[in-house]
Amino acid sequence: MQLTQRQQRTLAALKQAPVRRILFVCLGNICRSPAAEGVMRAIVGEEGDEARWEIDSAGTGRWHIGQLPDKRMRIHARRRGIELTHICRQVTPSDFDDFDLIIPMDSDNEENLRAMAPSPEAEEKIIPMAAFVDRAMRYDYIPDPYYEGAEGFELVLDLLDSGCRRLYQELR
Ligand code: 4NP
């Protein structure tokens, strides 16, 4: 997947802002989006750039509200030196005010967010994670690892590492 011209304009405008406020979104907010949050925090931390970034995650579903990320996701992230400590929450309409970019992991998440967006301007904040992932990886979404084995969690982390590095470069 590639960035559209409109998405590139959204990113170019955000690059001028003093703080980049980014919300990652998946279905459960216990696997993919808290992992994206952790990977992005690690990259921003490596660069000593924490003051310019606000990073959070949320889910379109409500089953796991109040919980830590899935234990399997935490174990795979920890092997890469990333501790996932996010507490699960559901996306709310006010997230469209509180964040500059809202990044869904797959097309279901994206459709749910588009339906929730309070205005066309708010909808322009939605850019799918796969738009930032290296095209050579040949994924146009971040696959849900919940019913998968260890390789599913590793794949998610590989895709998120690629996507978050590109996202950081686009906005640094
Ligand atoms: P996530 O994975 O959307 O990456 O957090 C899922 C976690 C839980 C469920 C589905 C997906 N669930 O159905 O409970």
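Note that the coordinates shown come from a computational prediction; the quantities given were computed from them, not determined experimentally. Order of appearance sets the numbers: ligands from 1, and atoms from 1 within every ligand. FYI, the numbering just counts along the sequence from 1.
- Between atom 4 (O) of ligand 1 and the options Arg32, Met105, Glu148, the minimum heavy-atom separation is to Arg32.
- At the shortest separation from atom 1 (P) of ligand 1 among protein heavy atoms lies Cys26 SG, 3.5 Å.
- Of all protein heavy atoms, the one lying nearest to atom 3 (O) of ligand 1 is Gly28 N, 2.8 Å.
- Between the side chains of Asp106 and Asn109, at least one donor N or O lies within less than 3.5 Å of an accepting N or O.
- Ion pairing between Glu154 and Arg72 fails under the 4.0 Å rule for side-chain N and carboxylate O.
- Counting heavy atoms under 4.0 Å from ligand 1, residue Asn29 touches it through the backbone alone.
- The backbone and the side chain of Leu27 each have at least one atom closer than 4.0 Å to an atom of ligand 1 (non-hydrogen atoms only).
- Here His64 has side-chain heavy atoms under 4.0 Å from ligand 1, and that is the only part of it that gets that close.
- Between Asp95 and Arg89 there is a salt bridge, since at least one side-chain N of the basic residue sits less than 4.0 Å from a carboxylate O of the acidic one.
- Atom 11 (C) of ligand 1 has as its closest protein heavy atom Asp144 OD2, 3.1 Å.
- Put simply, the side chain of Arg21 gets close to the backbone of Asp98: a donor and an acceptor are under 3.5 Å apart.
- Of all atoms in ligand 1, numbered sequentially from 1 with element shown, those under 4.0 Å from a heavy atom of Cys31 are 1 (P), 2 (O), 4 (O), 5 (O).
- Under the 4.0 Å criterion applied to side-chain N and carboxylate O atoms, Arg165 and Asp161 are assigned as salt-bridge partners.
- Using a distance-only test at 3.5 Å, with no hydrogens or angles considered, no donor-acceptor pair links the side chain of Gln7 to the main chain of Ile127.
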